[in-house]
A.B. asks: 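Let me give you the structure first, and then I'll get to my questions.
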Amino acid sequence: MELSKERLLKMYEDMLKIRLFEERAIKLFNKGLIRGPMHVYIGQEAVAVGACANLREEDYITSTHRGHGHCIAKGGELKKMTAELLGKATGYSKGKGGSMHIADPEIGILGANGIVGGGIGIAPGAALSAKMRGTDQVAVCFFGDGATNEGIFHESLNLAAVWELPIVYLCENNKYGLTSKADEVLAVEDVADRAASYDIPSEIVDGNDVVAVYEAVKRAVERAKDSGGPTLIEAKTYRWEGHFVGDPCVYRDDCEVEEWKERCPIDRLGELLVEEGATEEELKSIREQIEQDLDEAVDFAQSSPEPEVESIFADIFVD
Ligand SMILES: Cc1ncc(C[n+]2csc(CCOP(=O)(O)OP(=O)(O)O)c2C)c(N)n1
Ligand SMILES: [Mg+2]
């Protein structure tokens with residue numbers, strides 16, 4: 001195992017942080033404290049964490065409507081995220097964006113996005129800027145299976161290939177795009193097959209195995225930094241919850257959900273850690289610390305003020 005126990009423990013902590021953050025978010029949503037739709041990432045945590053474990057603060061990510069996990073994995077602050085979900089002035093977008101508009105450019109988070117495929121158009125801009133400035137920054141572009149049926153996916157990959165941009169395209173194939181089964185709307189069997197059209201390398205990886213995701217993204221990041229251009233990685237995974245919180249999920253079978261729950265990415269890493277010498281006590285204390293941080297984040301958000309009405313037109317245009 002190339003990864004040290006300490007690094008694996010950090011991955012475990014980040015994955016659990018995403019899971020517990022979203023479990024709290026669902027509770028807050030169900031109490032009517034979160035307005036607007038919310039999409040959770042539960043079940044997919046290994047993808048964001050395995051990918052971001054390869055990145056430095058100055059590297060970029062672009063995200064999706066299901067973006068809490070990407071943001072936490074890249075180092076986003078729980079207090080500012082929770083406040084944003086609750087529409088408070090102390091949130092990432094000053095309470096005016098909500099769940100799908102969390103960004104932190106200071107640490108390379110170029111934004112969640114309510115437009116399916118929106119981030120796929122932003123990543124080449126970030127990567128081109130890095131290339132023109134002569135830095136070795138890379139951009140990891142997260143998107144779903146459904147987004148690969150949008151025109152922007154094809155335009156973006158084509159341009160990134162032609163300009164040899166330092167991008168890791170990371171498709172999270174969670175088997176559904178809203179209520180559509182991915183295999184009923186994709187003309188190819190695997191999203192990875194689409195890389196051939198743009199003459200870029202691709203890889204399929206088990207998206208519930210954080211070490212496998214880490215290693216695949218590591219290879220792609222090295223290639224990007226070596227001026228080898230973009231790579232397309234398809235992580236096969238599954239979303240445990242509905243498309244949005246409150247989705248009755250009539251389009252899928254409960255047995256399928258149960259099968260995927262057996263493959264819980266967090267439990268899997270927990271088992272690996274125990275094999276690597278971690279104790280149940282260590283894992284328990286990580287959980288307790290996260291619960292405490294989340295208590296503080298929720299208190300912070302709940303006690304924060306709402307945005308002032310006068311601020312409604314602020315931050316729409318650059319001064
Ligand atoms: C351009 C655009 N088209 C349609 C929608 C409505 N919509 C929101 S999420 C979604 C499904 C996206 O599926 P996928 O890319 O697989 O991501 P997942 O929800 O599975 O994470 C759709 C169609 C949208 N927000 N933007
Ligand atoms: Mg999907």
Side-chain angles (χ1 to χ4, degrees), residues 15 18-19 21-22 25-26 29 35-52 61-73 97-103 111-123 140-157 168-195 204-208 213 232-253 256-257 259-261 263 265:
M15 285 164 70
I18 297 169
R19 175 76 54 94
F21 173 86
E22 291 203 314
I26 291 172
F29 187 95
R35 283 153 285 182
M38 186 172 78
H39 312 84
V40 294
Y41 193 66
I42 294 177
Q44 301 181 208
E45 297 90 345
V47 184
V49 172
C52 291
I61 63 164
T62 61
S63 178
T64 67
H65 54 287
R66 202 176 297 291
H68 306 154
H70 308 139
C71 188
I72 291 174
S99 164
M100 283 186 279
H101 298 98
I102 294 176
N113 215 305
I115 314 289
V116 171
I120 309 180
I122 295 169
V140 172
C141 174
F142 293 100
F143 51 90
D145 43 278
T148 73
N149 296 325
E150 298 268 354
I152 187 76
F153 170 80
H154 301 274
E155 294 175 47
S156 179
L157 265 74
V168 181
Y169 288 98
L170 186 31
C171 176
E172 302 189 57
N173 186 344
N174 60 9
K175 294 174 80 74
Y176 291 86
L178 229 158
T179 56
S180 303
K181 280 189 167 51
D183 55 13
E184 288 173 7
V185 292
L186 276 165
V188 283
E189 191 166 332
D190 298 305
V191 169
D193 293 344
R194 294 190 153 163
I204 295 176
V205 70
D206 178 347
N208 284 29
V213 174
L232 172 62
I233 297 173
E234 177 181 7
K236 306 271 192 191
T237 184
Y238 197 77
R239 66 163 154 79
W240 290 12
E241 300 294 320
H243 173 69
F244 52 86
V245 178
D247 175 4
C249 272
V250 288
Y251 50 88
R252 71 180 188 184
D253 193 339
E256 184 182 85
V257 183
E259 263 173 46
W260 278 88
K261 285 188 177 175
R263 297 182 225 172

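Owing to the predicted nature of the structure, the values given are computational and were not obtained by experimental measurement. Each ligand, and each atom within it, is numbered from 1 in the order the structure gives.
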A.B. asks: If I take the Mg ion (ligand 2) as the centre, what angle separates the OD1 atom of Asn174 from the O atom of Tyr176? Nearest 10 degrees is fine.
C.D. replies: 80°
A.B. asks: Show the atoms of ligand 1 that are less than 4.0 angstrom away from any heavy atom in Asn174.
C.D. replies: 18 (P), 20 (O), 21 (O)
A.B. asks: Looking only at protein heavy atoms, which one is nearest to atom 16 (O) of ligand 1, and what is the separation?
C.D. replies: Gly146 N, 2.8 Å
A.B. asks: Does a side-chain heavy-atom distance below 4.5 Å link Lys175 with Arg252?
C.D. replies: no
A.B. asks: Rounded to the nearest 0.5 Å, how far does CD of Glu150 lie from OG of Ser156?
C.D. replies: 12.5 Å
A.B. asks: Which of these, His39, Glu172, His243, has its nearest heavy atom closest to atom 9 (S) of ligand 1?
C.D. replies: His243
A.B. asks: State whether the shortest distance between N or O atoms of Gly114 and N or O atoms of ligand 1 falls below 3.5 angstrom.
C.D. replies: yes
A.B. asks: With distance as the sole criterion, is a donor-acceptor pair present between the side chains of Thr237 and Asn208 under 3.5 Å?
C.D. replies: yes
A.B. asks: Starting from atom 3 (N) of ligand 1, locate the nearest protein heavy atom and write down its residue, its atom name and how far away it is, to 0.1 Å.
C.D. replies: Glu150 OE2, 3.7 Å
A.B. asks: With only distance considered, is Ala147 within less than 3.5 Å of ligand 1 through an N or O on each side?
C.D. replies: yes
A.B. asks: Report the distance from atom CZ of Phe142 to atom OG1 of Thr64, rounding to the nearest 0.5 Å.
C.D. replies: 9.0 Å
A.B. asks: Can you tell which part of Phe143 has a heavy atom less than 4.0 Å from ligand 1: side chain, backbone, both or neither?
C.D. replies: neither
A.B. asks: Pick one: which of Asp193, Val188, Leu186 meets side chain to side chain contact (heavy atoms under 4.5 Å, CB included) with Asp190?
C.D. replies: Asp193
A.B. asks: Which of the atoms of ligand 1 are close to Arg66, meaning less than 4.0 Å from one of its heavy atoms?
C.D. replies: 18 (P), 19 (O), 21 (O)
A.B. asks: Any side-chain donor-acceptor pair under 3.5 Å between Glu172 and Tyr41?
C.D. replies: yes
A.B. asks: Checking side chain to side chain donor-acceptor pair (under 3.5 Å) against Tyr238, which of Lys261, Glu256, Arg263 comes through?
C.D. replies: Glu256
A.B. asks: Any non-hydrogen atom of Thr64 lying under 4.0 Å from ligand 1?
C.D. replies: no
A.B. asks: Identify the protein heavy atom lying closest to atom 23 (C) of ligand 1, giving its residue, its atom name and the separation to 0.1 Å.
C.D. replies: Leu178 CD1, 3.7 Å
A.B. asks: For Asp145, what is the atom name of its N, O or S atom nearest to the Mg ion (ligand 2)?
C.D. replies: OD1
A.B. asks: With no hydrogens and no angle check, do the side chains of Thr179 and His243 hold a donor and an acceptor under 3.5 Å apart?
C.D. replies: no
A.B. asks: Could you measure the distance from the CD1 atom of Ile233 to the CG atom of Leu170? Nearest 0.5 Å is fine.
C.D. replies: 6.0 Å
A.B. asks: Lys236 vs Glu234, test: salt bridge (charged side-chain N to carboxylate O under 4.0 Å, His left out). Steps then yes/no.
C.D. replies: CA-CA 6 Å; Lys236 306 271 192 191; Glu234 177 181 7; 2.9 Å; yes
A.B. asks: Of the choices Val116, Thr179, Asn149, which has the non-hydrogen atom that lies closest to atom 8 (C) of ligand 1?
C.D. replies: Val116
A.B. asks: What protein heavy atom lies closest to atom 13 (O) of ligand 1? Include the residue and the distance to one decimal.
C.D. replies: Gly177 CA, 3.3 Å
A.B. asks: Taking only heavy atoms of Gly144 into account, list the atoms of ligand 1 that are under 4.0 Å away from them.
C.D. replies: 14 (P), 15 (O), 16 (O), 17 (O)
A.B. asks: Would you mind finding which of Arg239, His65, Gln44 brings a heavy atom closest to atom 18 (P) of ligand 1?
C.D. replies: His65
